[in-house]
Chemist: 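Pasting in a structure now, in structure tokens, and then I'll have a few things to ask.
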Amino acid sequence: MDKNNPFEMAQEQLYACAKVLDLDDDVVGMLENPMQQVQVSVPVKMDDGTTKVFQGFRVMYNNVLGPAKGGIRFHPEETVDTVKALAAWMTWKCALLDVPLGGGKGGIICNTKELSEGELERLSRSYMDRVWKFIGPDVDVPAPDVYTTPQIMAWMMDEYSKLSGKNQFGILTGKPLNVGGSAGRGDATAMGGMYTIREAAKELGMDLSQTKIAIQGFGNAGSFAATLSQELFGATVVAVSDSKGGIYNPDGLDIEAVIEHKKETRSVINAPNTRTITNNEVLELDVDIIIAAALENAITKENAGNIKAKILAELANGPTTPEADEILYKNGVHVIPDFLCNAGGVTASYFEMVQNMYMYYWTAEEVYARLDQKMTKAYHEVLYASKNHNVNMRMGAYAVAVTRVVEAMKIRGWV
Ligand code: NAD
């Protein structure tokens with residue numbers, strides 16, 4: 001296996017789960033590859049008059065439980081294998097949260113930092129022109145992800161609506177509030193992660209108000225997690241990082257000031273009253289909780305042994321390699337696995353779909369209350385399964401999710 005290939009990592013996790021659940025080979029055969037994967041060439045008229053062609057993907061991994069659901073990432077190092085892995089994890093995530101959706105994912109190889117706003121809009125619309133026949137409100141429903149925003153969702157929704165001749169707010173989620181978005185969706189991923197951290201702390205007998213937290217990644221998920229850790233728990237966030245490095249203050253960071261600094265300079269580095277440290281140092285600090293909120297493969301066999309935190313909350317997708325997982329399990333680090341920890345985003349997206357269908361919108365408080373219920377239930381199902389099968393939390397999550405998908409495939413007569 002190529003240890004840095006996220007799809008091979010996702011497959012390895014599935015095979016391990018198949019052993020725990022004693023699944024037949026034909027069942028595994030249905031689950032080890034996506035049902036459908038589409039690659040498209042996306043032409044864009046650039047501001048200088050040239051036409052540049054970008055490569056895009058949309059993968060539907062499995063839709064036995066309902067329409068596929070999953071974000072669209074704009075990233076210079078996007079690969080089809082990353083998209084396939086993320087689509088697989090979406091399948092398990094939706095099943096785990098018990099929402100009636102399957103798993104999908106999309107992406108475009110591009111660097112948004114090098115595009116003007118006009119180019120970004122044309123890229124978003126052109127991608128939709130290429131994939132619209134493969135998606136739909138009851139087929140496959142995209143959402144924002146790394147480097148895609150509510151504005152990009154609005155352009156894509158508008159393009160899909162034009163192509164299909166009617167307003168189709170339900171084609172994707174994570175939209176701005178005034179065009180079918182849901183209250184509470186913006187910070188739902190971090191909020192959902194907070195509910196799982198709260199339950200994990202209860203399980204481990206930790207007083208969250210006394211905890212120190214370090215956060216890797218200070219984008220959408222990470223920056224909300226920093227604010228919420230303070231607001232909900234009264235915890236002290238001592239370090240955060242982004243792609244340029246980390247910042248540290250043992251007495252706690254002023255998160256508002258860091259957010260302001262990042263807005264002005266595009267990085268957290270040199271925010272007031274902080275010391276610059278490396279990304280690795282952020283992970284290895286003497287803290288109680290680490291929140292991984294950047295990208296894949298952040299925690300490897302090289303640094304896993306140095307993690308001192310009692311809880312590793314994986315807001316990012318695939319931040320821990322399988323070898324690192326074993327080290328963490330052996331060292332007694334309580335890992336809240338990605339497709340449980342970051343499932344708040346897709347759960348709120350599901351709520352957005354429901355509201356679009358009803359054309360009736362909930363308050364943020366209603367969204368959070370429903371989110372709390374779903375996340376808390378899922379956390380305890382995972383904890384129970386991990387104890388019952390004597391496996392780590394990630395495998396517990398797989399056991400719950402894969403069982404649901406397999407039972408649905410059996411009852412529908414797929415296997
Ligand atoms: P984002 O683009 O807003 O933020 C990513 C952050 O990670 C940025 O601050 C970037 O500078 C930082 N980063 C990149 N490389 C880094 C490195 N080597 N070390 C430290 N920081 C680094 O993306 P996001 O939406 O916050 O997503 C982050 C992760 O959470 C991804 O894995 C994504 O798939 C996952 N996720 C996000 C959502 C959501 O709703 N936003 C939902 C589910 C999962």
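Numbering of ligands and ligand atoms starts at 1, following listing order. The analysis underlying the following values was restricted to heavy atoms, covering all of them including side chains, and did not include hydrogens, waters or symmetry mates. One-based numbering along the sequence shown.
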Chemist: Compute the shortest N/O to N/O distance between Leu86 and ligand 1 and return yes if it is under 3.5 Å, no if not.
Modeler: no

Chemist: Pick one of side chain, backbone, both or neither for how Ala298 approaches ligand 1, counting any non-hydrogen atom pair under 4.0 Å.
Modeler: neither

Chemist: Using a strict 4.0 Å threshold on nitrogen-to-oxygen distance, state whether Arg394 and Glu314 make a salt bridge.
Modeler: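 Looking at Glu314 together with Arg394, the answer is yes, because their closest N to O distance falls below 4.0 Å.
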
Chemist: Can we say Lys330 and Glu326 salt-bridge, meaning some charged N sits less than 4.0 Å from an Asp/Glu carboxylate O?
Modeler: no

Chemist: Can a salt bridge be assigned to the pair Asp129 and Arg125 using a cut-off of 4.0 Å between side-chain N and carboxylate O?
Modeler: no

Chemist: For Leu315, which part has a heavy atom under 4.0 Å from ligand 1: side chain, backbone, both, or neither?
Modeler: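 The answer is the backbone.
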
Chemist: For Asn279, counting its heavy atoms only, list the atoms of ligand 1 lying under 4.0 Å from any of them.
Modeler: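 Contacts of ligand 1 toward Asn279, numbered from 1: 17 (C), 18 (N), 19 (N), 20 (C).
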
Chemist: For ligand 1, which atoms, with element, lie under 4.0 Å from some heavy atom of Phe218?
Modeler: 6 (C), 9 (O)

Chemist: Glu296 versus ligand 1: do any nitrogen or oxygen atoms come within less than 3.5 Å of each other?
Modeler: no

Chemist: Does some non-hydrogen atom of Gly345 fall short of 4.0 Å from ligand 1?
Modeler: no

Chemist: So, 4.0 Å and heavy atoms of Lys244: is ligand 1 close enough to count as a contact?
Modeler: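 Checking ligand 1 against Lys244, which is what was asked, there is no heavy-atom contact under 4.0 Å.
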
Chemist: Please determine whether a side-chain nitrogen of the Lys or Arg among Glu407 and Arg404 lies less than 4.0 Å from a carboxylate oxygen of the Asp or Glu.
Modeler: no

Chemist: Any nitrogen or oxygen of Lys93 lying under 3.5 Å from a nitrogen or oxygen in ligand 1? Just yes or no.
Modeler: no

Chemist: With backbone taken as N, CA, C and O and side chain as the heavy atoms from C-beta onward, which portion of His75 lies under 4.0 Å from ligand 1: side chain, backbone, both, or neither?
Modeler: neither

Chemist: I want to know if ligand 1 touches Asn342 in the polar sense, i.e. an N/O pair below 3.5 angstrom.
Modeler: no

Chemist: Centroid-to-centroid, Tyr195 to Tyr368, below 6.0 Å?
Modeler: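 Aromatic pair excluded; centres sit 6.0 Å or further apart.
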
Chemist: Do the side chains of Pro144 and Thr149 get nearer than 4.5 Å, heavy atoms only?
Modeler: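 Thr149 does not reach Pro144 side chain to side chain.
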
Chemist: Asp81 and Thr79: side-chain donor and acceptor closer than 3.5 Å?
Modeler: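 No, Thr79 and Asp81 have no side-chain donor paired with an acceptor closer than 3.5 Å.
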
Chemist: Out of Thr112, Val146, Asn297, whose heavy atom sits nearest atom 23 (O) of ligand 1?
Modeler: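 That would be Val146.
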
Chemist: Counting both backbone and side chain atoms, is some N or O of Gly222 under 3.5 Å from an N or O of ligand 1?
Modeler: no

Chemist: Under 4.0 Å from a heavy atom of Gly219: give me the atoms of ligand 1 that qualify, with their elements.
Modeler: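 Atoms satisfying the 4.0 Å criterion: 1 (P), 3 (O), 4 (O), 6 (C), 8 (C), 9 (O), 26 (O).
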
Chemist: Taking the basic N atoms (NZ, or NE/NH1/NH2) and the acidic carboxylate oxygens, is any pair closer than 4.0 Å for Arg122 and Asp47?
Modeler: yes

Chemist: Counting only heavy atoms, which portion of Asp242 has something under 4.0 Å from ligand 1: side chain, backbone, both, or neither?
Modeler: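 Both of them.
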
Chemist: Any N/O of Ala221 closer than 3.5 Å to an N/O of ligand 1?
Modeler: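 Checking ligand 1 against Ala221, an N or O pair does fall under 3.5 Å apart.
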
